[in-house]
Protein chains: 2
Amino acid sequence: MQIALPDFDRMFGALADQTRRDIVRRAIDAEEGIAELAGHYPMSFAAVQKHVAILERAGLVTKQRIGRRKVVRTNLDGLRVARRLLDRYEELWRGRVDRMTELVAEGKGTDQ
Amino acid sequence: MQIALPDFDRMFGALADQTRRDIVRRAIDAEEGIAELAGHYPMSFAAVQKHVAILERAGLVTKQRIGRRKVVRTNLDGLRVARRLLDRYEELWRGRVDRMTELVAEGKGTDQ
DNA sequence: GCATGAAACAACCATACGGTTGTATCACGG
DNA sequence: CCGTGATACAACCGTATGGTTGTTTCATGC
C-alpha cells in the first residue's frame, strides 16, 4: 500500500460548501459525533453523514470510535495540503514579478 | 456600491476542477487570451470560456482587453482570501492545542 | 467600412450533487 | 443476549454542473 496522493478536486470540492466548512471548523475540537454535529444544521442526520463522508474522502477529517459514537476530527495535514497549493500559486506570482523587475532593471542598465 | 464579500462556495468550487486550476496557474503570467488558453485543453473554446467565467465570478481571475483578445490574469487577492480561510483553521487548531497544553500544565501543577 | 478574429450568449444533454426517507448494521449497556 | 442508540447504506428526486453546437455581438486591421 502506498499513501494516497492529494486529490485537489475532492479537497476543494469538499470545501466549496458552507455546511462542510462549518463541520471542519467544529471538528477541530474533535468533541462531537455525527448525530451531535447534525443537531447544528437544518437538515437530516443522513445529509450530515454524507457531508462528513465527503470530507473524509477528501482527507480533511477522520472518524474515531469513542463509546458508541464516532467522533469527527479535522485532519490538519489535509488542510495544509490544500493551503500549500495556494501558497505555490503565490510563489509563482512572486517569481513572475521578480522576472519583470529584472527585465526592467536590465532595461535601465543598458539605457544609462 | 460596496465591495463584494468573499463567496467561499464559489471560490473553492472554482478551484475544485483541474482545468480551472491550470488556467489559474497559466494566467499568473497574464499572457494568453481565452482562445489561446483553450488550445491547451481537450475541449471546446466555449467550455474554456465557461471555466474562465466561473473563475471570474469567484474573484480568482480578471479579464483585460488587449487588441482583439481578452487576456486572462490571475487575481492574487482572490487567492489570498481563500488561503486566509485555511490559515484561520490552522490558527484555531493551534489555539485548541494550546488550550490542551494549558490544561495538562495546570494538572501537573496542582498534582505536585 | 467591412471582413474577420475573438469573445459572448443560448439551448440542449448527460451526469454529479445535495437533499430526502427507509432499511440494515454495529457495538455498547443493562 | 438482546434492546437500543449511533452509524451506515440504498433508492430516489430536483437542480446544478460540465460539456456540446450554433448563433450573435464586438472591435480591430486592412
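All values reported here derive from a predicted model rather than from experimental measurement. In what follows, every chain begins at residue 1, and chains take the letters A, B, ... in the order their sequences are listed.
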Subject >> Under 4.0 Å protein heavy-atom contact, by nucleotide of nucleotides 10-21 of chain C - B base, S sugar-phosphate only >> reply: -B------SBBB
Original post:
Going 5' to 3' along nucleotides 23-30 of chain C, which nucleotides have protein heavy atoms under 4.0 Å from the base (write B), which only from the sugar-phosphate (write S), and which from neither (write -)?
Top reply: ----SBS-
Go through the structure and list residues passing side chain to side chain donor-acceptor pair (under 3.5 Å) with [X], not counting sequence neighbours.
| X | answer |
| --- | --- |
| B:Arg84 | none |
| A:Arg94 | none |
| B:Arg10 | B:Asp7 |

Subject >> Spatial distance of atom CG (A:Leu15) from atom CG (B:Leu15) [nearest 0.5 Å] >> reply: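 It is 9.5 Å, given to the nearest 0.5 Å.
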Would you call [X] and [Y] a side-chain contact if the rule is heavy atoms closer than 4.5 Å?
| X | Y | answer |
| --- | --- | --- |
| A:Tyr89 | B:Leu60 | no |
| B:Arg73 | B:Lys63 | no |
| A:His51 | A:Ile23 | yes |

Original post:
For the pair made of CG in B:Leu55 and P in C:dA7, what is the distance, rounded to whole Å?
Top reply: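 Spelled out: CG on B:Leu55 to P on C:dA7 is 15 Å.
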**OP:** Any chance you could lay out the salt bridge (Lys or Arg N to Asp or Glu O under 4.0 Å) test for A:Arg21 and A:Asp17, step after step, and finish with the verdict?
**Re:** CA-CA 6 Å; A:Arg21 286 193 303 274; A:Asp17 181 285; over 6 Å; no
Subject >> Partner set under side chain to side chain contact (heavy atoms under 4.5 Å, CB included) for B:Glu91, not counting sequence neighbours >> reply: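 With sequence neighbours excluded, B:Glu91 shows a side chain to side chain contact (heavy atoms under 4.5 Å, CB included) to B:Arg88, given in chain and number order.
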Subject >> Residues within residues 23-40 of chain A bordering DNA chain D, heavy-atom distance below 4.0 Å >> reply: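 Going residue by residue through residues 23-40 of chain A, the ones with a heavy atom under 4.0 Å of DNA chain D turn out to be A:Gly33, A:Ile34, A:Ala35.
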**OP:** Using the heavy-atom set of chain B and a strict 4.0 Å cut-off, write down the first and last nucleotide of DNA chain D that makes it in, 5' to 3'.
**Re:**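 The footprint of chain B covers D:dG18 to D:dG29.
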Original post:
Between the side chain of A:Arg25 and the main-chain N/O of B:Leu92, is any donor-acceptor distance below 3.5 Å?
Top reply: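 No, because the side chain of A:Arg25 does not come within donor-acceptor range (under 3.5 Å) of the backbone of B:Leu92.
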Original post:
Hey, what else clusters with A:Val71 if you join Ile, Leu, Val, Met, Phe, Trp, Tyr whenever side-chain heavy atoms sit under 4.5 Å?
Top reply: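 Traced through the cluster, A:Val71 reaches A:Ile66.
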Subject >> Apart from A:Ile54 itself, residues in the same hydrophobic cluster as defined by side-chain heavy atoms under 4.5 Å >> reply: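 For A:Ile54, no cluster forms, as it stays isolated from other hydrophobic side chains.
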Original post:
When the C1' atoms of the five terminal pairs at each end define the local axes, what inter-axis angle does the helix from C:dG1-D:dC30 to C:dG30-D:dC1 show, to 10 degrees?
Top reply: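 Roughly 20°, once rounded to the nearest ten degrees.
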Subject >> Closest non-hydrogen atom pair, A:Ala58 against A:Ala14 >> reply: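 Between these two residues, the closest heavy atoms are CB-CB, 3.8 Å.
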**OP:** Using side-chain contact (heavy atoms from CB on, under 4.5 Å) as the criterion, point out the one residue from B:Val72, B:Thr74, B:Val61 that pairs with B:Leu55.
**Re:**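 Exactly one pass, corresponding to B:Val61.
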Side-chain donor-acceptor contacts of residues 28-46 of chain A below 3.5 Å, not counting sequence neighbours, with atom names and distances?
{"from": "A:Glu32", "atom 1": "OE1", "to": "A:His40", "atom 2": "NE2", "distance (Å)": "3.3"}
{"from": "A:Glu32", "atom 1": "OE2", "to": "A:His40", "atom 2": "NE2", "distance (Å)": "2.8"}
{"from": "A:Glu36", "atom 1": "OE1", "to": "A:Gly33", "atom 2": "N", "distance (Å)": "2.6"}
{"from": "A:Glu36", "atom 1": "OE1", "to": "A:Arg69", "atom 2": "NH1", "distance (Å)": "2.6"}
{"from": "A:Glu36", "atom 1": "OE2", "to": "A:Arg69", "atom 2": "NH1", "distance (Å)": "3.1"}
{"from": "A:His40", "atom 1": "NE2", "to": "A:Arg26", "atom 2": "NH1", "distance (Å)": "3.3"}
{"from": "A:Tyr41", "atom 1": "OH", "to": "A:Asp22", "atom 2": "OD2", "distance (Å)": "2.6"}
{"from": "A:Tyr41", "atom 1": "OH", "to": "A:Arg26", "atom 2": "NE", "distance (Å)": "3.3"}
{"from": "A:Ser44", "atom 1": "OG", "to": "A:Ala47", "atom 2": "N", "distance (Å)": "3.1"}

